[in-house]
Amino acid sequence: MASAANMNAVRETMDVLLEISRLLNTGLDMESLSICVRLCEQGINPEALSSVIKELRKAADTLKASENSAS
């Protein structure tokens with residue numbers, strides 16, 4: 001019974017985090033948010049993680065723009 005209660009608490013926490021993420025317009029889906037939470041729980045610096053995500057998005061946008069201009 002304790003593990004079911006624990007799973008419900010985890011699910012509820014993730015739902016709240018996802019809602020906060022949406023309110024802040026982070027663009028993270030549940031899977032991405034879960035990965036970020038796990039990385040932070042393992043000691044990754046949240047600010048560094050945020051910087052990496054921003055840089056990856058910027059690189060993806062640049063790549064998409066160059067692909068669109070080549071078409």
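Treat the numbers as computed from the prediction; the structure is a model and nothing was measured.
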(Q) Could you measure the distance from the SG atom of C36 to the CG atom of L49? Nearest 0.5 Å is fine. (A) 4.5 Å

Q. Can K58 and E55 be counted as an ion pair, charged N to O under 4.0 angstrom?
A. yes

(Q) Side chains of D29 and S32: any donor to acceptor distance under 3.5 Å? (A) yes

Q: Determine, using the 4.5 Å side-chain heavy-atom cutoff (strictly less than), whether I44 and V37 are members of one ILVMFWY cluster.
A: no

Q: Following the transitive rule for hydrophobic clusters with a side-chain heavy-atom cut-off under 4.5 Å over Ile, Leu, Val, Met, Phe, Trp and Tyr, establish whether L33 and I53 coincide in one cluster.
A: no

Q | Beyond-backbone contact of L63 with S66, side-chain heavy atoms, under 4.5 angstrom | A | yes

Only pairs under 3.5 Å count here: list side-chain donor-acceptor contacts from residues 15-22, not counting sequence neighbours, and write none if there are none.
from	atom 1	to	atom 2	distance (Å)
S21	OG	T26	OG1	2.3

Q) Which pairs, with at least one residue in residues 34-50 and sequence neighbours excluded, count as a side-chain hydrogen bond (donor to acceptor under 3.5 Å, both in side chains)? A) none

